[in-house]
Amino acid sequence: MTIKKLIGQLHLWLGLISGLVVFILGITGCIWAFEEEIKAWAYADKLTVEVPVVAAEPIALSQHLEAAQQALGPDIPVQRMTVENSPEKSVIFRSFAPNKDTSGIWYWDEIKHNLWVYVNPHTSEVVKKEDQTFEFFNFVLWLHWSLLLKNDIGQPIVGAATLMFVFLLISGLVLWWPKNRAARKQRFWFRWKPTTRWKRKNYDLHNILGFYSMFLVIFIALTGLMWAFTWFNDGVQWIANGGKTIEKERQKVESTLAPLVSTHPVDRVYHHLQAQHPEATTYYLNLPKDSSGTIGSFVKYEDRTQSVSLQFDQYSGKQLASTGWADKTNGEKVRAYNYDIHVGAIGGLPGKVIAFFLSLFAASLPVTGFMIWWGRRKKERSQNARRRSRSGSPIRMGQEKVRATRKKTISTLEANE
C-alpha cells in the first residue's frame with residue numbers, strides 16, 4: 001500500500017468515526033458565535049429594564065443582593081453578581097451548587113442547582129428567577145463543550161474528535177492537491193453548468209470549501225484544544241513564554257476578622273470599582289466561600305488588556321490584591337484571548353460573522369464527505385452486482401462451458417500425441 005492510499009484510508013475511517021461529533025461542534029459553534037446578540041434580543045424582558053424619567057437616589061448594591069437572597073431562600077446563598085455599567089441592564093445574581101454524589105453520565109447529573117435572579121437596579125424588584133440548567137444557550141454550550149456528558153467523559157471525546165478533524169483537514173489537502181497545472185485550473189473554483197450532476201457539486205463543496213476554509217478552521221480547532229487537553233494548553237503557553245515554563249507563586253490572600261464598617265462591604269467594593277474603572281463595561285463580584293475568603297472581582301473592558309482582577313477584604317471592603325494585564329506572562333495573555341479568538345469576538349461583529357461561516361463549513365465537511373463515501377460504496381455494490389449477474393446468466397454460462405470443453409479437448413489431443 002502506497003503512502004497516499006494509507007492516508008486515504010485514514011482519512012476515510014477517521015472521518016466516519018469523528019464525523020457526527022464534528023457536525024455537532026460546527027452547528028453549536030454557529031449558534032454560539034452570536035450568543036450575546038441573540039440573548040439581547042430573545043431575553044430582553046429580563047436583561048433590560050425601563051429607566052425612570054426622573055432620576056431617583058441610587059439604590060445600594062447590597063439592597064439588590066438582599067432582594068435576590070430573599071428570592072432564593074436562606075439555604076441557597078448568592079455566590080456571584082454581574083453588574084452591567086448601564087442603567088438599562090438588570091443586575092444578575094447567581095447561585096451554583098454541584099452534585100457530587102451521583103453516578104450519572106450527563107452534565108446535569110453533576111448539578112444540584114444553577115439559579116439566576118434578575119433584579120431591577122432602580123427599584124430592587126426581582127424581575128425573574130430561573131433555573132439555568134436547561135436554558136437554551138447553556139444547553140448549546142454543554143453540547144459543544146462535552147456532548148451533554150460529564151466533563152471527564154465528554155471532554156476527551158470532543159478533544160479526540162477535534163484532533164482527528166485537524167488531521168482530516170491536512171490529509172484532505174494532500175489527497176485533493178492537483179498534480180498538474182491543468183488540474184489546478186479546474187479544482188480551485190466551482191465550474192458548475194446546468195448539466196452538472198449533484199454528485200459533482202457535492203464533491204466540489206467538500207473539497208473547494210475545505211481548501212479555502214482549512215487554515216482558519218484549523219486555527220479555531222486548535223483554540224478549542226486548549227480547553228480539551230491540559231498538555232496542549234501547557235504546550236501553547238510554553239511556546240508563548242519562549243520555551244520556558246514559568247511557575248508563578250500564588251499569594252494567599254485572606255480576609256481578616258475586623259469590626260464591620262457602617263457601609264456594607266459589597267457597597268464599598270462596588271463604589272471602589274466604579275471610581276477606579278468608570279469606563280468598564282461589566283463588574284463581576286464573587287462572594288466569599290468561608291469566613292477567611294475574600295470578595296473577588298473582575299472588571300471587564302471591551303479592550304481585554306485593560307481588564308483587571310481584584311480581591312477585597314469581605315469585612316472592611318479594603319483592596320488586598322490586584323492583577324492586571326501587565327502582571328500576566330505571555331502564555332497567560334494568549335490563554336486570556338483564547339475564548340475571543342475561538343468565537344470570533346476578537347474581530348468584533350465581522351469576526352463573529354467569519355467564525356459563523358467557518359463553523360458552518362466545518363459542519364458541512366462530514367456531511368459532504370459521508371455522501372461522497374456513500375455514493376462510491378453504492379456504485380461499487382452496483383458494479384459488483386452487475387458482474388455477478390453477468391457471470392450467472394445462461395449465455396455467460398454457455399460461453400464458459402464451450403471454453404471449458406474446448407480446453408479439455410485440446411488437452412486430450414495433446415496427451416494422445
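Both backbone and side-chain heavy atoms feed into the values below; hydrogens, waters and symmetry mates do not.
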Is any side-chain heavy atom of [X] less than 4.5 Å from a side-chain heavy atom of [Y]?
{"X": "E110", "Y": "K150", "answer": "yes"}
{"X": "F361", "Y": "Y212", "answer": "no"}
{"X": "V78", "Y": "L72", "answer": "yes"}
{"X": "L287", "Y": "Q79", "answer": "no"}
{"X": "N120", "Y": "E50", "answer": "no"}
{"X": "V83", "Y": "I92", "answer": "no"}
{"X": "V158", "Y": "H144", "answer": "no"}
{"X": "L65", "Y": "F93", "answer": "yes"}

Between W176 and H206, is the ring centroid distance below 6.0 Å?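 Centroid distance W176-H206: not below 6.0 Å, so no.
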Report yes if the distance between the aromatic ring centroids of F312 and H272 is under 6.0 Å, otherwise no.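 Centroid separation for F312 and H272: below 6.0 Å.
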Once you round to the nearest 0.5 Å, how far does [atom1] of [X] lie from [atom2] of [Y]?
{"X": "L12", "Y": "R376", "atom1": "CG", "atom2": "CZ", "answer": "9.5 Å"}
{"X": "S359", "Y": "I31", "atom1": "OG", "atom2": "CD1", "answer": "10.5 Å"}
{"X": "Q311", "Y": "L320", "atom1": "CD", "atom2": "CG", "answer": "7.0 Å"}

Measure up the [X] and [Y] rings against each other and bin them: parallel (under 30°), tilted (30 to 60°), perpendicular (over 60°).
{"X": "Y107", "Y": "F139", "value": "perpendicular"}
{"X": "Y337", "Y": "W325", "value": "perpendicular"}
{"X": "F370", "Y": "W373", "value": "tilted"}

I'd like to know if the side chain of D313 and the backbone of K318 have a donor-acceptor N/O pair within less than 3.5 Å.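 The answer is no, because no donor-acceptor pair under 3.5 Å joins these two groups.
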Exercise: identify the closest heavy-atom pair between L285 and L61: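 Nearest pair, atom of L285 first, then L61: CD2-CD2, 4.3 Å.
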Tell me whether the count of non-hydrogen atoms from other residues, nucleotides or ligands lying under 6.0 Å of CZ in F219 goes above 12.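 For F219, atom CZ is not crowded (no more than 12 foreign heavy atoms under 6.0 Å).
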Around K201, counting heavy atoms of other residues, nucleotides and ligands shown, do more than 12 lie under 6.0 Å from its NZ?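 Yes, the 6.0 Å shell around NZ holds more than 12 heavy atoms from other groups.
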Walk me through whether L209 and T368 qualify under side chain to side chain contact (heavy atoms under 4.5 Å, CB included). CA-CA 10 Å; L209 289 181; T368 53; over 6 Å; no
Evaluate side chain to side chain contact (heavy atoms under 4.5 Å, CB included) for F34 paired with K352, printing each intermediate quantity in order. CA-CA 7 Å; F34 294 104; K352 291 184 177 185; 3.9 Å; yes
Identify whether NZ of Lys or CZ of Arg in K39 sits under 6.0 Å from the centre of the six-membered ring of Y43 and within 45° of that ring's axis.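 Not flagged: K39 not positioned over aromatic ring of Y43.
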For a side chain to side chain contact (heavy atoms under 4.5 Å, CB included) check, start with the C-alpha distance between Y339 and V343, then their side-chain angles and the critical distance, and finish with the verdict. CA-CA 6 Å; Y339 176 81; V343 301; 3.9 Å; yes
Compile the donor-acceptor pairs under 3.5 Å between side chains in residues 16-24 and protein atoms, sequence neighbours left out, one pair per line.
residue	atom	partner	partner atom	Å
S18	OG	L14	O	2.8

So, are R304 and D340 salt-bridged, with charged N and O less than 4.0 Å apart?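 Yes, charged N to carboxylate O under 4.0 Å.
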